[in-house]
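Note that the coordinates shown come from a computational prediction; the quantities given were computed from them, not determined experimentally.
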Protein chains: 2
Amino acid sequence: MLSDLRQEFILHFGEMGSRWGINRTVGQIYAALFLSEEPLCADDLVGLLGVSRSNVSMSLKELQSWSLVQLKHRPGDRRDFFTTPDDMWQIVRTLVEERKKREIDPTLTKLRQLEMRPGSAEDAYAQARITEMRELIELLTGWYDQMNKLETERLVALLNMGAKLQKFAQSARILPKRTNKTEN
Amino acid sequence: MLSDLRQEFILHFGEMGSRWGINRTVGQIYAALFLSEEPLCADDLVGLLGVSRSNVSMSLKELQSWSLVQLKHRPGDRRDFFTTPDDMWQIVRTLVEERKKREIDPTLTKLRQLEMRPGSAEDAYAQARITEMRELIELLTGWYDQMNKLETERLVALLNMGAKLQKFAQSARILPKRTNKTEN
DNA sequence: TAGATGTTTCAGAAAAAACTGAAACGACTG
DNA sequence: CAGTCGTTTCAGTTTTTTCTGAAACATCTA
């Protein structure tokens with residue numbers, strides 16, 4: 001039912017899953033869908049992966065909440081079929097977007113909240129460190145938002161231009177660090 | 001011993017840890033070190049976090065394997081003290097580097113290996129998909145390697161130039177896709 | 001070398017996460 | 001409405017991961 005090639009790919013993503021925050025079955029289901037030209041339904045996955053029906057159901061729900069799978073329907077068939085988007089770039093964008101939402105945004109919120117706190121003297125260093133972290137994250141996410149606006153073609157072109165981009169960076173004027181002093 | 005502010009930060013990173021592949025104690029220890037102006041020793045952390053000595057020991061080892069903490073020694077004191085690097089950028093670089101090593105590189109290896117396989121007809125689609133994934137990952141990591149070469153100052157300047165970078169991308173010539181045909 | 005101080009290891013306990021089967025549910029269909 | 005087909009939920013079990021305390025180890029010091 002499943003060629004060695006696909007088997008191996010699927011198992012790899014199952015294992016890999018645990019290094020991310022993803023559980024094995026979710027990883028395997030995603031991998032199976034990714035490699036399948038045809039949409040698959042829950043029972044297909046049960047057969048392919050040998051896990052329980054309910055596990056498949058839960059895992060698909062999880063994948064849907066990540067917007068990583070698409071629901072398809074066949075005319076005259078009540079079952080839900082699933083695929084991954086054809087466009088790999090779309091997949092990457094979704095993945096980054098969702099991870100940002102779940103991993104970065106809550107942290108940013110927390111950091112801002114801690115920063116606001118009227119700080120006792122003993123916390124001066126900690127608060128400075130928190131600010132530093134917040135600023136860095138904002139810089140990175142802000143930049144990411146910019147990149148995300150580009151259409152895929154331009155983005156690919158940009159990524160392909162590693163060397164040229166380096167040159168561009170050379171020309172970038174480095175702004176003096178902002179200090180607390182009011183400099184005139 | 002631990003102000004509310006720091007307490008909260010530490011707990012947040014403990015929770016957050018699980019969304020990454022990191023366990024709670026590891027996250028908490030890292031957070032505690034991050035906020036501490038002074039290096040801390042294992043027993044300090046036991047006191048601060050209320051976990052067992054051996055847990056702290058294991059977790060510190062884990063953090064060391066990630067190169068996320070630095071060992072310090074005080075003259076005339078046999079104990080190991082730990083800090084996080086002062087430079088946030090260094091932290092980010094390390095983090096990305098290590099995650100790449102653990103999460104991307106093994107996958108890339110596996111993908112290449114599967115791609116080489118003499119493909120049976122039924123695997124044609126799967127293999128095409130694998131190639132697509134491999135190429136995309138290579139593009140992204142290749143680009144990352146370029147960025148990683150920049151000194152921090154230039155990198156920051158570049159990141160701060162979101163808008164300008166967009167314009168730059170506009171000007172980027174979009175190269176025609178490479179095909180198998182030998183074009184003259 | 002005996003003792004003091006600090007770190008690491010490891011087998012088992014505790015906690016958390018993943019998974020299952022069975023039952024509930026929902027929505028069409030004759 | 002009764003039956004069919006498919007999905008979802010959930011209490012309980014299994015598996016995995018994390019954590020602990022005790023013992024082993026290592027190094028310095030009197």
Original post:
Given atom CG of Leu45(A) and atom P of dT8(D), what is their separation to the nearest angstrom?
Top reply: 13 Å
Original post:
How long is the line joining CG of Leu49(B) and C1' of dT18(D), in whole Å?
Top reply: 15 Å
Subject >> Listed once per pair and sorted, the salt bridge (Lys or Arg N to Asp or Glu O under 4.0 Å) pairs that draw on residues 67-77 of chain B, sequence neighbours left out >> reply: Asp77(B)-Arg79(B)
**OP:** Send over the distance from Arg19(A) CZ to dT17(D) P, rounded to a whole Å.
**Re:** 12 Å
Original post:
Base, sugar-phosphate, or nothing for Asp43(A), non-hydrogen atoms under 4.0 angstrom?
Top reply: nothing
Original post:
Which residues satisfy the side chain to side chain donor-acceptor pair (under 3.5 Å) test with Ser3(A), sequence neighbours excluded?
Top reply: Arg6(A), Asp123(B)
Subject >> Those residues that, when tested against Arg19(A), pass salt bridge (Lys or Arg N to Asp or Glu O under 4.0 Å) (two or more places apart) >> reply: none
Original post:
Can you name the ring pair (Phe, Tyr, Trp, His ring centres under 6.0 Å) partners of Phe13(A), sequence neighbours left out?
Top reply: Phe9(A)
Original post:
Gln64(A) has an atom CD; how far is it from atom C1' of dT7(D), in whole Å?
Top reply: 11 Å
Original post:
Just by protein heavy atoms under 4.0 Å, how would nucleotides 23-30 of chain D read 5' to 3' in B, S and -?
Top reply: ----BS--
**OP:** Find the distance Arg79(B):CZ to dT8(C):C1' and express it as a whole number of Å.
**Re:** 17 Å
**OP:** Produce a footprint string for nucleotides 14-19 of chain C: one letter per nucleotide, 5' end first; B if the base is under 4.0 Å from any protein heavy atom, S if only the sugar-phosphate is, - if neither.
**Re:** ----SS
**OP:** Decide whether a cation-pi geometry holds between Arg102(B) and Trp66(B); the criteria are a distance under 6.0 Å from NZ or CZ to the six-membered ring centre and an angle within 45° of the ring axis.
**Re:** yes
Original post:
Around Asp4(A), counting heavy atoms of other residues, nucleotides and ligands shown, do more than 12 lie under 6.0 Å from its CG?
Top reply: no
Subject >> Nearest-Å distance for atom pair CE/C1', residues Met58(B) and dT20(D) >> reply: 11 Å
Subject >> Under-4.0 Å salt bridge between Glu8(B) and Arg117(A) >> reply: yes
Subject >> Side-chain N,O (Arg53(A)) to OP1/OP2 (dG21(C)) below 4.0 Å >> reply: no
Original post:
Is the shortest distance from a Lys or Arg side-chain nitrogen in Arg112(A) or Glu138(A) to a carboxylate oxygen in the other one below 4.0 Å?
Top reply: yes
Subject >> Under 4.0 angstrom between Lys61(B) side-chain N/O and dT9(C) OP1 or OP2 >> reply: yes
Original post:
Are the charged groups of Glu37(A) and Arg129(B) less than 4.0 angstrom apart, N to O?
Top reply: no
**OP:** Could you tell me the separation between the CG atom of Leu63(B) and the P atom of dT18(D), rounded to a whole number of Å?
**Re:** 13 Å
Original post:
Over how many whole Å does the gap from Leu60(B) atom CG to dC19(D) atom C1' extend?
Top reply: 15 Å
